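Sequence lines set the chain letters: A, B, ... in the order given, protein chains first and strands last, and positions in each chain run from 1. Predicted model only: the values in this text are computed from it and were never measured.
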Amino acid sequence: MSTLSRDEVAHVAMLARIQLTDAELDHLAGQLDQIVEFVAGVGEIAADDIPPMSHPLPLTNVTRPDEVRPSLTADQALANAPASELQRFEVPRILDED
Amino acid sequence: MTDITRLTAAEIADRLAAQEISSVEATQAHLDRIAAVDGDVHAFLHVDAEGALAAAREADERRARGDHVGALTGVPIAVKDVVATQGQPTTAGSRMLEGWVPPYDATLVTRLRAAGMPILGKTNMDEFAMGSSTEHSAYGPSHNPWDLERTPGGSGGGSSAAVAAFEAPLAIGTDTGGSIRQPAAVTGTVGAKPTYGGVSRYGLIALASSLDQAGPCTRSVLDAALLHEVIGGHDPMDSTSIEAPVPPVVEAARRADVTGMRIGIVKEISGEGFQPGVQRRFEESVQLLVDRGAEVVEVSCPTFSQGLAAYYLILPSEASSNLAKFDAMRYGLRVGPQGVESPSAEQVMAASRDAGFGDEVKRRIILGTYALSSGYYDAYYGQAQKVRTLIARDFAAAFEKADVLVSPTAPTTAFRLGEKIDDPMAMYLNDIATIPANLAGVPGLSLPSGVADEDGLPTGFQVLAPATQDHLMYGVGAALEAALLEKWGGPVLAKAPELTAKETVR
Amino acid sequence: MSVTTADAVLPYDEALATYDPVMGLEVHVELGTATKMFCGCSTTFGADPNTQTCPVCLGLPGALPVVNATAVESAVRIGLALNCQIAQWCRFARKNYFYPDMPKNFQTSQYDEPIAFEGYLDVDLDDGSTFRVEIERAHMEEDTGKSLHVGGSTGRIHGAEYSLVDYNRAGIPLIEIVTKPILGAGERAPEVARAYVSALRDLLKALDVSDVKMEQGSMRCDANVSLKPRGAEKLGTRTETKNVNSLRSVERAVRYEICRHAAVLNGGGSILQETRHWHEDTGATTSGRPKSDADDYRYFPEPDLVPVAPAHELVERLRGTLPEPPAERRKRLQAAWGYSDLEMRDVMNAGAVGIIEETVAAGASPAAARKWWTGELARRANAEGKSVSDFNVTPAYVAELDGLVGSGRLNDSMARQVLDGVIAGEGSPTAVADARGLELVQDDGALEAAVDQVIAANPDVAQKVRDGKVQAVGALIGQVMKAMKGQADAGKARELLLQRLT
């Protein structure tokens with residue numbers, strides 16, 4: 001039984017902003033289905049009352065003082081930009097307001 | 001005169017201190033070696049001869065002036081291409097970052113520079129550290145110096161191959177699920193993953209933030225400890241950095257004493273499923289530790305069997321978010337979709353990410369996006385984090401019975417290039433023994449245990465210690481190393497075939 | 001696309017006759033910290049583009065966040081001031097979505113573990129009554145960059161050819177304050193919305209955690225509105241009107257959405273769950289983005305940060321730093337000063353509560369302090385297009401001036417001349433009065449002589465006063481003051497004139 005359909009892969013890929021070609025979809029969908037089936041194995045272990053662990057170490061309250069540190073120069077910030085204008089990053093037209 | 005490239009870092013350091021050789025000589029010797037053999041090995045993505053020699057001259061001047069120098073001042077090093085280096089390209093093995101030159105140094109690079117260690121160049125890796133063979137590098141795989149048809153492991157195969165091929169005495173690796181230790185095992189070198197938080201992650205291009213850890217790749221346990229001491233310690237730029245001094249790793253490596261130590265064999269990550277030659281060398285190594293005064297206990301960590309599944313949920317989930325920043329807006333590859341006039345930002349992002357990422361990266365981003373998406377979070381990511389708790393508890397229980405845990409590092413010796421490239425599940429199974437340490441955040445070290453009888457390829461021995469007790473694994477590793485050197489009469493790499501130097505056009 | 005024909009709206013009274021409005025208000029406040037939420041870049045407003053960025057807030061590969069300690073303290077203080085509980089342990093989470101002004105393509109925010117939750121804010125309405133707005137949560141997050149849209153006709157997002165992004169604002173600390181659904185406001189819903197945002201602004205200003213300038217975007221309001229048939233239990237579908245950036249707009253936007261929803265519902269239609277954009281010029285909202293898959297934000301705990309666990313001692317220390325709640329303070333001062341409701345409202349609208357308090361403390365009477373600050377000084381500031389704080393007039397100077405009038409040394413007109421000198425930088429009121437020789441003539445003989453002289457010179461007017469037209473004395477007072485070159489007490493002149501003529 002398939003746990004992850006080709007359509008679902010296409011949908012998730014768009015959520016992840018990756019425009020897969022049809023050939024890629026064919027190729028990846030089968031592999032991903034196999035992988036999802038494997039990782040779904042985590043569900044076999046009873047862990048209802050187990051707290052989740054998101055940090056390997058139990059640290060809390062790591063902060064820094066509110067003191068200004070040097071920024072990059074605008075030239076440094078923009079050095080790797082694919083395009084820039086007026087000391088700003090030039091990006092293609094934005095479809096929707098956030 | 002001895003060939004400088006055959007010396008360990010500690011030996012080079014001794015000769016530098018005695019002023020028998022200069023850092024410029026040591027650096028040039030390695031640059032020459034790179035020029036001679038890297039055409040075959042392809043350990044490096046970028047070589048910075050000029051920068052390395054300038055740093056070497058500076059190190060020599062420091063020494064000549066009588067300025068304070070560290071244990072490794074003047075010893076050259078290679079750095080995995082996932083670590084940000086100001087002024088040197090940093091690509092993480094991805095087409096996405098081709099030509100990206102960071103405007104800043106990773107904290108560990110700042111520390112290498114402060115220690116006066118010339119940086120030879122940047123080493124090859126699986127794209128964004130996803131893989132176990134370097135075959136997922138966008139710039140072509142690295143080759144195992146033991147057999148050029150085989151992989152040097154991954155993701156840090158470039159660093160392990162560079163060290164194994166004597167192109168560098170030291171290298172920096174990063175380990176998210178075994179990317180330092182597994183390459184070390186299959187190339188006959190040493191690799192250490194410190195306790196999570198032991199070495200700053202600031203400037204490491206993140207794969208999975210809660211698992212990533214940088215560490216040393218070397219040819220001896222002492223060298224690994226020396227390098228660990230240079231790069232380790234608290235960094236206020238990394239919120240997950242441990243605010244405590246580096247454990248006494250160098251002292252432990254020098255003492256190399258296992259008298260009275262309890263060595264725990266983890267039932268679930270040895271024996272069945274491991275290549276016979278790998279298992280045999282492992283058992284012999286355990287016996288050598290017993291001969292040196294250690295006590296052996298068997299421990300069980302039943303949830304380790306779920307570790308791989310949990311890992312392949314947690315890693316892709318975090319990676320899917322960490323890699324979202326590669327969107328063609330501020331840096332990196334930007335391409336437009338085919339046949340679309342005046343594409344939107346959204347379309348350019350999606351087309352660039354399709355063009356810039358390789359298959360394995362796409363697989364994991366999609367898997368992670370899926371695992372975090374609404375309706376699946378609890379069953380996948382949430383459940384994986386609970387399994388992680390159980391694995392940490394298994395470790396805690398095991399460390400009640402044993403001071404360190406041991407296992408073979410990888411189930412097999414180096415596999416052939418192309419053998420698993422399109423079978424992701426088979427590739428993932430390589431990490432079975434290394435992953436639990438990343439999930440729990442405990443330190444792990446791999447050192448050579450010999451060569452497998454059936455294929456003559458190196459095998460790895462893994463030592464795991466409790467969190468922040470990194471010195472224990474160095475002590476055990478150094479003791480085993482000493483016993484093996486005594487038994488063999490020389491390092492395992494002496495058994496590797498000579499690489500033929502050739503003129504290469506790079 | 002937002003360029004559509006105008007939506008139908010129902011008159012407000014008709015809408016309210018059928019439906020109960022329900023609101024939810026989300027206010028984003030930029031904290032006034034020196035540095036950003038997760039890095040040491042400066043937050044100064046108006047800097048050159050992309051000069052206040054670093055690897056962290058530009059989202060460069062490898063960079064890592066570290067939490068600003070002052071931002072956490074500000075968040076706790078805001079939570080306490082909103083009568084919230086403070087989490088003993090909470091985390092940051094990543095909100096994942098792609099947008100060019102967001103460098104990492106996730107916003108580091110808080111999800112199911114906000115730092116403050118379950119509070120309320122009592123809000124004064126125009127009729128003097130109080131409305132309690134329940135607060136669901138206040139959480140910490142970071143701001144995005146700012147886009148400039150190029151090409152097209154209007155500089156707006158639609159029709160633009162490309163955009164230019166400045167990341168100076170990216171990473172500035174934000175506190176998002178979210179109300180619970182506001183029920184039962186009825187026809188006063190728009191007023192409640194405005195009053196809530198206004199009260200919140202006063203509170204944040206009193207806490208000194210933000211400059212709360214809605215016009216600069218350091219305080220922004222999103223207004224959720226839905227309607228349910230009167231008496232019904234079930235809530236209707238809501239729309240979220242984004243970035244309503246003045247108090248007046250908050251009220252107007254809520255009112256507009258109520259009328260628009262009512263028209264849709266009355267027409268048998270249903271409300272689409274979407275974001276709406278408020279247009280100040282047309283006084284209407286237009287359709288934005290519908291709720292969609294893109295709203296699958298894939299929240300998960302931020303693995304690059306560790307939990308925030310404010311210690312009990314810290315919370316109590318911060319509680320000790322809270323100012324008196326603005327509403328309570330207002331009531332206390334009104335009673336102490338004896339102002340009428342109208343006077344107090346004028347003082348509040350003029351933003352003069354604090355300065356009057358200082359002036360009274362410096363010795364002025366509450367009435368005089370109010371008169372000077374909201375009268376003479378406000379009038380001068382208005383005339384010059386300035387604010388009273390632009391004058392070098394301190395509360396102590398006003399109190400001193402009031403003292404000079406009270407002691408009889410100056411009359412009102414002389415006091416105004418002294419004020420001219422103070423504003424001109426000639427020194428304290430006493431110094432100005434001395435330098436300009438301004439002093440009421442205390443010699444009754446001179447005044448009496450002037451009075452007699454004026455009566456003699458104006459027999460007709462004097463006769464009118466003798467005949468009982470007392471108001472005609474004003475003209476004579478003016479003459480006396482003129483003769484005295486202004487340096488006389490007008491009250492005394494009047495007294496003497498009336499003594500002689502009645």
Looking just at side-chain N and O atoms, do [X] and [Y] make a donor-acceptor pair shorter than 3.5 Å?
X      : Y      : value
C/Q273 : C/T239 : no
C/Q88  : C/H312 : no
C/H277 : C/T241 : no

For this session: Take C/E142 and C/K104 through the salt bridge (charged side-chain N to carboxylate O under 4.0 Å, His left out) test and state the conclusion after the steps.
Result: CA-CA 11 Å; C/E142 57 179 337; C/K104 297 168 291 181; 2.7 Å; yes
Exercise. Does C/H149 reach the side chain of C/S147, with side-chain heavy atoms less than 4.5 Å apart?
Worked result: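 Side chain of C/H149 against side chain of C/S147, heavy atoms only: contact under 4.5 Å found.
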Are the side chain of [X] and the backbone of [Y] linked by a donor-acceptor contact shorter than 3.5 Å?
X      : Y      : value
C/E113 : C/R91  : yes
A/R93  : C/A160 : no
C/K36  : C/A170 : yes
A/Q87  : C/P49  : yes

Among [options], residue most engaged with chain A (heavy-atom pairs, under 4.5 Å):
options                       : result
C/L305, C/V72, C/D166         : C/L305
C/T70, C/T51, C/V66           : C/V66
C/M102, C/Q52, C/R298, C/E302 : C/R298

Problem set entry | Contacts of residues 77-86 of chain A with chain C (heavy atom under 4.5 Å) | A/A77, A/L78, A/E85, A/L86
Problem set entry | Residues of residues 53-71 of chain A contacting chain C, heavy-atom criterion under 4.5 Å, by residue number | A/S54, A/H55, A/L59, A/T60, A/N61, A/V62, A/T63, A/R64, A/D66, A/E67, A/V68, A/R69, A/S71
Problem set entry | A/F89 ring center within less than 6.0 Å of C/Y167 ring center |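 Ring centres of A/F89 and C/Y167 closer than 6.0 Å.
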Exercise. C/F92 vs C/F38 aromatic rings, parallel, tilted or perpendicular, using cut-offs 30° and 60°?
Worked result: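 Ring orientation, 0 to 90° scale: perpendicular.
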